[in-house]
Amino acid sequence: MDRYLVFGHPVRHSKSPFIHTLFARQTQQELEYGLAEPAVDEFAQALRTFFDQGGKGCNVTVPFKEQAFTLVDRLSPRAKRAGAVNTIKLTDDGVLLGDNTDGAGLVADLKSHGVTLADSRILLLGAGGAARGALAPLLAELPSELVIANRTHAKAQQLAAEFHDLGPVTAQTYELLAGPFDLVINSTSASLQGELPPLAPALIHTDIAIYDMMYGASDTAFIGWAKQQGARQTMDGLGMLVEQAAEAFTVWRGIRPGTKQVLRELKRNLGVI
């Protein structure tokens with residue numbers, strides 16, 4: 001039976017085995033999917049061993065995405081742009097192909113919620129790996145402007161310059177942000193600590209769409225705050241998790257699973273519904 005894994009540290013909390021098992025059942029694909037939590041300095045060896053022992057593909061999560069970028073034989077265009085790999089496939093000719101499905105998952109989830117990206121003004125909070133993975137897919141949707149805000153302004157400027165050839169992307173300090181924005185995406189990990197990005201409440205209005213890449217059984221700190229400021233449409237990253245997994249499954253198996261029922265099952269599993 002074909003074997004797949006998710007590599008991370010820590011990774012025991014991962015919902016990827018749950019998601020991919022449902023995808024396999026839905027598409028009648030025979031595979032098994034497990035967890036691997038090597039020590040941070042043992043990832044490269046663990047990855048090689050997995051494929052040497054017949055592994056067919058894997059997901060890669062924190063903190064190994066940038067390291068995976070350097071370990072594969074070939075990179076997809078979106079992985080090159082993201083500078084990180086979250087999906088690896090062993091091709092029929094024995095090549096390890098590195099891909100990045102995070103941004104595609106984000107865009108798919110936003111569209112599933114009816115968010116219009118074309119001609120919209122988007123604010124992206126954060127300039128780390130999550131933001132980097134999201135930029136190219138977001139700019140491909142032709143927004144009127146995409147503004148990156150980050151605590152370290154120079155990092156946001158560097159990221160904007162790197163992606164400027166793909167569309168109208170700029171960098172701004174939190175203090176000088178000027179609305180209105182149609183969509184705010186929080187790519188920072190602040191919500192994991194129950195913290196907030198330093199965003200002015202005045203930027204939130206009733207017609208804005210708020211997206212936090214983090215998720216939990218209840219509202220993240222950012223979503224809870226945005227609701228208090230009057231935002232009517234708020235979304236967490238659970239749908240992105242399922243959509244990026246569906247994209248990875250498609251890369252591996254050549255068949256695209258449906259995500260709506262799997263997302264419902266995942267919410268039930270987490271006690272969200």
Side-chain angles (χ1 to χ4, degrees), residues 1-9 11 14-17 19-108 128-140 162-163 165-166 240-257 259:
M1 185 176 290
D2 291 346
R3 292 174 53 235
Y4 297 85
L5 285 177
V6 55
F7 285 94
H9 193 99
V11 79
S14 174
K15 295 300 179 183
S16 292
I19 294 168
H20 284 286
T21 297
L22 291 180
F23 284 161
R25 190 178 305 157
Q26 177 197 120
T27 57
Q28 298 181 315
Q29 298 284 299
E30 290 194 9
L31 59 87
E32 59 180 37
Y33 189 107
L35 302 171
E37 192 174 299
V40 174
D41 60 351
E42 295 176 358
F43 169 61
Q45 182 59 51
L47 186 70
R48 282 192 292 269
T49 299
F50 171 65
F51 283 107
D52 287 346
Q53 293 178 350
K56 293 294 185 180
C58 65
N59 290 125
V60 182
T61 187
V62 176
F64 300 131
K65 291 183 182 183
E66 287 76 21
Q67 193 176 349
F69 182 87
T70 68
L71 295 173
V72 296
D73 302 314
R74 195 167 74 228
L75 293 164
S76 71
R78 57 190 179 184
K80 285 181 184 177
R81 272 290 184 176
V85 161
N86 81 328
T87 300
I88 301 176
K89 174 185 178 178
L90 181 65
T91 66
D92 291 340
D93 54 357
V95 170
L96 288 185
L97 172 67
D99 201 354
N100 190 302
T101 66
D102 285 332
L106 170 64
V107 168
R132 176 180 290 275
L135 276 167
L138 285 171
L139 289 168
E162 190 174 332
F163 284 83
D165 61 307
L166 297 184
M240 176 181 172
L241 175 68
V242 174
E243 293 290 350
Q244 66 80 23
E247 187 79 8
F249 192 92
T250 306
V251 170
W252 294 328
R253 310 299 295 185
I255 182 170
R256 187 167 192 89
T259 55

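Atom set for the values below is all heavy atoms of this structure, side chains included, hydrogens, waters and symmetry mates excluded.
Put simply, the side chain of Leu90 reaches to within 4.5 Å of the side chain of Leu96, judged on heavy atoms. Between Gln29 and Ile255, the closest side-chain pair of non-hydrogen atoms falls below 4.5 Å. Using a 4.5 Å heavy-atom cutoff, the side chains of Leu47 and Cys58 are in contact. Using a 4.5 Å cut-off on side-chain heavy atoms (C-beta onward), Thr61 and Asn86 make no contact. Within the 4.5 Å cutoff, no side-chain heavy atoms of Val40 are placed close to those of Gln67.
Within the structure, the side-chain hydrogen bond (donor to acceptor under 3.5 Å, both in side chains) test picks out the following pairs touching residues 34-52 (sequence neighbours left out): Arg12-Glu37, Gln45-Arg48, Gln45-Thr49. Applying the ring pair (Phe, Tyr, Trp, His ring centres under 6.0 Å) test to residues at least two apart or on different chains, none of the pairs has a partner in residues 81-106. Within the structure, no pair that satisfies the ring pair (Phe, Tyr, Trp, His ring centres under 6.0 Å) test touches residues 80-104, not counting sequence neighbours. Residue pairs that meet the ring pair (Phe, Tyr, Trp, His ring centres under 6.0 Å) test with at least one member in residues 22-44, sequence neighbours left out, are Phe7-Phe43, His20-Phe23, His20-Tyr33, Phe23-Phe249, Phe43-Phe64. Under the salt bridge (charged side-chain N to carboxylate O under 4.0 Å, His left out) criterion, the residue pairs touching residues 21-32 are Arg3-Glu32, with sequence neighbours excluded. Among pairs with a residue in residues 87-108, none fulfils ring pair (Phe, Tyr, Trp, His ring centres under 6.0 Å), at least two apart in sequence or across chains. For residues 91-101, the pairs satisfying salt bridge (charged side-chain N to carboxylate O under 4.0 Å, His left out) are Arg78-Asp99, with sequence neighbours left out.
Note that the NZ atom of Lys80 and the CG atom of Leu75 stand 6.5 Å from one another [nearest 0.5 Å]. Between atom CG of residue Leu241 and atom CD1 of residue Ile19 there is a gap of 4.0 Å, rounded to the nearest 0.5 Å. Summarising the geometry, atom CG belonging to Leu166 is positioned 11.0 Å from atom CG belonging to Leu138; distances are rounded to the nearest 0.5 Å. Taking CD of Gln244 as the start and OG1 of Thr259 as the end, the distance is 12.0 Å to the nearest 0.5 Å. To the nearest 0.5 Å, atoms CZ (Arg253) and OG1 (Thr27) are separated by 7.5 Å.
A pairwise comparison of heavy atoms in Gly94 and Asp73 identifies O-OD2, 4.2 Å as the closest pair. Shown here for Ala246 and Pro257, the closest heavy-atom pair between the two residues is O-CD, 3.8 Å. Between Glu66 and Ala84, the shortest heavy-atom distance links the atoms OE2-CB, 4.1 Å. Closest approach of Ala79 to Gly98, counting heavy atoms only: CB-O, 3.6 Å. In this structure, Gly8 and Pro38 approach most closely via the heavy-atom pair O-CD, 4.1 Å.
Every salt bridge (Lys or Arg N to Asp or Glu O under 4.0 Å) that Asp165 has, sequence neighbours left out, goes to Arg81. Qualifying side chain to side chain contact (heavy atoms under 4.5 Å, CB included) partners for Ala82, counting only residues two or more places apart in sequence or in other chains: Asn100. Take Leu97 and apply the side chain to side chain contact (heavy atoms under 4.5 Å, CB included) test, not counting sequence neighbours, and it matches Arg74, Thr91. With sequence neighbours left out, the side-chain hydrogen bond (donor to acceptor under 3.5 Å, both in side chains) criterion links Lys15 to Asn269. Scanning for side chain to side chain contact (heavy atoms under 4.5 Å, CB included) contacts around Ser14 gives Val6, Val11, Ser16, Pro17, Leu35, with sequence neighbours left out.
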Before giving the answer on side chain to side chain donor-acceptor pair (under 3.5 Å), spell out for Thr101 and Glu247 the whole-Å C-alpha distance, their side-chain angles and the decisive distance to 0.1 Å.
CA-CA 6 Å; Thr101 66; Glu247 187 79 8; over 6 Å; no

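Under a 3.5 Å cut-off, the side chain of Lys56 and the backbone N or O of Lys89 do not form any donor-acceptor pair. With Trp252 contributing its side chain and Tyr4 its backbone, the two residues share no donor-acceptor pair below 3.5 Å.
Under the side-chain hydrogen bond (donor to acceptor under 3.5 Å, both in side chains) rule, Lys65 has a single partner from Thr87, Asp102, Asn59, which is Asp102.
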